[in-house]
Amino acid sequence: MRKSTGFAIKSFFFLSYHTSSCILPIPSSSLLHEFTQFCYQRNLPRAMEAMDAMHKHGIWADSITYSELIKCCWARGAVEQGKRVHKHLFSSGHQPKTFLINVLMSMYVKFNMLDDARALFDQMPERNFVSWTTMISAYANAKLNDKALEFLISMLREGVKPNMFTYSSVLRACDGLANLRQLHANIIKSGLDSDIYVRSALIDIYSKWDQSENALRVFNEMATEDLVVWNSIIAGFAQNSDGDEALNLFKRMKRARFLADQATLTSVLRACTGLALLELGRQVHVHVFKYDQDLILNNALLDMYCKCGSLEDANTVFTRMMVKDVISWSTMIAGLAQNGYSREALRLFESMKASGTKPNHITILGVLFACSHAGLLEAGWYYFRSMKKLFGVDPGREHYSCMIDLLGRAGKLNDAVELINEIECGPDAVTWRTLLGACRVHRNVDLAIYAAKQILRLYPQDAGTYILLSNIYANTQRWDDVTQIRRTMNDMGIRKEPGCSWVEVNKQIHAFILGDNSHPQLDEINKQLNQLIHKLKGVGYVPDTNFVLQDLEGEEQREHSLQYHSEKLALVFGLMSLPKEQTIRIRKNLRICGDCHLFAKLVAKMEHRIIVIRDPIRYHHFRDGVCSCGDYW
DNA sequence: AGACCGCGAC
């Protein structure tokens with residue numbers, strides 16, 4: 001319907017030209033003049049009508065005017081009109097200038113019509129560096145890395161010199177270190193490494209390849225400082241889970257009198273998230289108000305509050321967000337589930353569907369995790385088996401691992417093993433670790449040993465798994481095997497990472513490391529810890545020495561070694577330093593041991609405190625003598 | 001023709 005109306009108007013318009021030209025021929029220059037005016041006024045409908053009229057008269061305008069029209073098409077997403085301009089430009093054997101074809105190509109790229117852009121590129125009699133760069137950046141943006149690199153090589157082969165635009169694009173498509181080194185060398189040779197876009201692209205890609213040192217080197221060579229280049233290096237460290245360094249650089253940036261923008265704040269929040277720095281995160285939140293409805297920044301804020309264990313704050317942010325996307329919902333769903341609010345997570349998933357946002361594979365993962373956490377076996381199976389049909393997401397390894405966790409919790413180890421055999425692309429270390437966790441809780445020694453061996457086959461340097469395996473052997477009196485593990489670890493130079501816990505008090509981070517006596521209040525902490533243990537034993541606390549490495553003789557000594565676990569020190573320090581109503585939040589580098597878990601539960605009950613301990617895998621909210629993890633981890 | 005920022009199971 002709409003189409004025919006448009007046609008009527010168009011014909012009418014043309015008719016008016018036609019009739020008037022019968023009486024008084026309109027010189028082509030006046031048609032051109034009108035067309036040009038409409039193009040520069042960005043009046044797309046009138047410009048298109050004028051173009052059609054010109055087409056009938058076989059009149060062509062100049063390239064600059066057409067490029068204005070094309071830009072107008074892409075700014076409005078007018079695909080059909082754009083195609084009509086394309087057709088007009090090539091009609092009657094006309095050959096537009098290279099410049100104009102480049103503009104047309106960019107238009108198709110903006111419309112995500114890469115094949116059309118490519119077809120134009122292939123037909124071009126002459127290609128300049130813009131033509132090449134347009135295609136390379138299009139492929140890089142579409143993550144068609146091979147194509148982008150292939151085009152760069154052809155470009156060089158044809159003797160066309162890449163410029164800073166080319167390199168900043170192609171760097172994003174670089175998917176190997178060897179390629180990257182080669183490119184970097186070329187960039188330096190051509191002197192383009194001083195371009196700030198190229199520099200930030202270099203920092204970005206080195207960071208993505210986990211080459212922080214090289215990223216920092218490129219950063220430090222910067223002569224004129226630039227906010228985006230600062231943002232790139234801060235983001236690089238924040239993403240490589242080196243939050244400390246990211247925050248240091250942020251401080252340096254502020255000293256250099258740069259004002260943080262959305263991108264800076266997002267990365268700083270990510271650093272806070274990784275380090276579980278709730279108070280610092282809250283300070284950043286104050287600066288975020290300036291960018292009230294910035295989606296990316298709000299999502300980062302949401303994640304920070306979830307990962308720092310403050311669901312109240314996360315909820316406030318979530319409610320205030322006017323626009324939410326799949327990431328906002330997924331963050332909140334996973335955050336709720338991880339902090340022990342599985343049913344709320346599943347309810348939120350229903351709201352998400354009602355809101356019309358399409359869940360992706362990460363959303364589903366959060367949903368399955370929520371089911372696993374709440375022990376909802378049937379719901380878990382339902383979502384798992386119907387995810388493809390309901391949401392168009394094929395179950396990946398990660399979804400299988402979640403189901404294995406769910407089955408493991410329910411004690412259905414055989415079903416878990418069966419499910420592992422079902423995984424199309426085969427199990428990975430996470431799969432086996434999940435099974436190992438289940439074996440540990442349900443004390444299935446043989447299966448645990450099997451799972452641990454699978455992990456070590458994939459990661460022969462994994463200290464944690466050796467320790468676990470050695471403990472399993474020790475607990476079943478297989479001393480020869482214990483000795484064998486020790487020897488392997490020695491031979492391979494594998495050391496147990498010392499346990500470390502961090503607690504935030506008055507915006508200061510206090511670190512407690514096993515075997516490190518540098519904390520100024522350590523004597524007082526130990527005194528209070530002894531008193532607390534004594535008090536707890538009075539109400540039936542029995543230290544669980546199952547988790548102690550077996551090189552210690554005698555129960556008393558083994559108990560003693562438990563006492564110095566870093567989370568106990570951090571917890572006691574939190575009790576000493578924080579007001580009673582304030583939650584004690586601790587982050588750990590290693591997974592919490594059974595004894596510390598029991599200890600935290602009892603302390604929470606006896607001292608009427610809320611304690612949150614985040615280990616690398618799970619969140620533990622202790623309140624009233626129970627933990628949100630349901631004692632499964 | 002261009003850069004930096006947000007969600008995932010153990």
Side-chain angles (χ1 to χ4, degrees), chain A residues 102-103 105-106 109-110 128-138 140-141 163-172 195-205 207 226-236 238-239 260-270 273 291 294-304 306-307 325-335 337-338 359-370 372-373 396-406 408 428-438 451 455 464-465 591 615-618 633:
Chain A
N102 287 341
V103 178
M105 266 167 52
S106 318
V109 171
K110 296 245 162 147
N128 61 15
F129 62 92
V130 177
S131 329
W132 286 98
T133 305
T134 303
M135 286 315 294
I136 289 173
S137 98
N141 285 337
N163 67 356
M164 54 274 243
F165 291 84
T166 326
Y167 278 122
S168 70
S169 293
V170 85
L171 277 170
R172 265 178 297 133
D195 180 79
I196 50 175
Y197 286 82
V198 172
R199 189 180 301 279
S200 75
L202 274 169
I203 294 172
D204 194 38
I205 193 75
S207 302
D226 175 78
L227 178 61
V228 176
V229 179
W230 273 106
N231 287 349
S232 300
I233 193 72
I234 293 172
Q239 280 159 356
D261 69 357
Q262 290 104 305
T264 328
L265 294 175
T266 304
S267 294
V268 172
L269 279 173
R270 186 168 171 142
T273 307
Y291 308 100
D294 186 289
L295 182 61
I296 296 180
L297 191 45
N298 274 320
N299 284 344
L301 197 56
L302 207 56
D303 192 41
M304 185 276 292
C306 286
K307 297 250 160 67
D325 67 356
V326 61
I327 295 184
S328 330
W329 290 99
S330 309
T331 305
M332 200 63 200
I333 290 169
Q338 271 171 330
N360 65 12
H361 65 121
I362 299 174
T363 323
I364 312 290
L365 195 58
V367 170
L368 291 177
F369 183 70
S372 153
H373 213 283
R397 248 194 215 127
E398 62 274 27
H399 301 100
Y400 276 94
S401 287
C402 241
M403 284 308 292
I404 289 158
D405 197 56
L406 176 54
D428 66 354
V430 175
T431 321
W432 293 117
R433 250 179 225 135
T434 311
L435 185 68
L436 180 58
I455 299 169
T465 304
R591 299 195 63 180
D615 73 24
I617 306 286
R618 280 193 203 278
W633 72 94

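When reading the values below, keep in mind they use all heavy atoms of this one structure, side chains included, and skip hydrogens, waters and symmetry mates. Numbers restart at 1 for each chain; the letters A, B, ... are given by sequence-line order, proteins then strands.
Backbone-only engagement by A:Ser267 is indicated by non-hydrogen atom pairs under 4.0 Å involving sugar-phosphate atoms exclusively. Residue A:Phe129 is in base contact, counting any heavy-atom pair closer than 4.0 Å across all strands shown. Across all strands shown, A:Asp294 has no heavy atoms under 4.0 Å from either base or sugar-phosphate atoms. Among the atoms of the strands shown, none is found under 4.0 Å from any heavy atom of A:Asn298. Among the protein residues, A:Ser168 comes within range of the nucleic acid bases, having at least one heavy atom under 4.0 Å from a base atom. When heavy atoms are screened at a 4.0 angstrom cut-off, A:Leu295 is found touching base atoms of the nucleic acid. Looking at heavy-atom distances under 4.0 Å, A:Ser232 makes contact with sugar-phosphate atoms alone, never a base. Looking at heavy-atom distances under 4.0 Å, A:Ala201 makes no contact with the nucleic acid at all. Among the atoms of the strands shown, base atoms are found under 4.0 Å from some heavy atom of A:Asn163. Within the 4.0 angstrom heavy-atom criterion, no nucleotide atom of any strand lies near A:Met332. Base engagement by A:Ser401 is indicated by at least one non-hydrogen atom pair under 4.0 Å involving a base atom. Among the atoms of the strands shown, none is found under 4.0 Å from any heavy atom of A:Arg199. Heavy atoms of A:His399 sit nowhere under 4.0 angstrom from any nucleic acid atom.
For A:Arg433, the salt bridge (Lys or Arg N to Asp or Glu O under 4.0 Å) test picks out A:Asp462, with sequence neighbours left out. Qualifying side chain to side chain contact (heavy atoms under 4.5 Å, CB included) partners for A:Thr133, counting only residues two or more places apart in sequence or in other chains: A:Met155, A:Asn163, A:Phe165, A:Thr166. Listed by chain and residue number, nothing satisfies the side-chain hydrogen bond (donor to acceptor under 3.5 Å, both in side chains) test with A:Gln239 (two or more places apart in sequence, or in another chain). When the salt bridge (Lys or Arg N to Asp or Glu O under 4.0 Å) test is applied to A:Arg172, no partner is found at least two apart in sequence or on another chain. Listed by chain and number, the residues in a side chain to side chain contact (heavy atoms under 4.5 Å, CB included) with A:Ile327 are A:Asn299, A:Asp325, A:Thr331 (sequence neighbours excluded).
For the residue pair A:Ser372 and A:Asp405, a side-chain donor N or O sits within less than 3.5 Å of a side-chain acceptor on the partner.
When DNA chain B is scanned 5' to 3' for any atom under 4.0 Å from a heavy atom of chain A, the first and last hits are B:dA1 to B:dC10.
Proximity of a side-chain donor or acceptor of A:His361 to a complementary backbone N or O of A:His399 within less than 3.5 Å is not detected.
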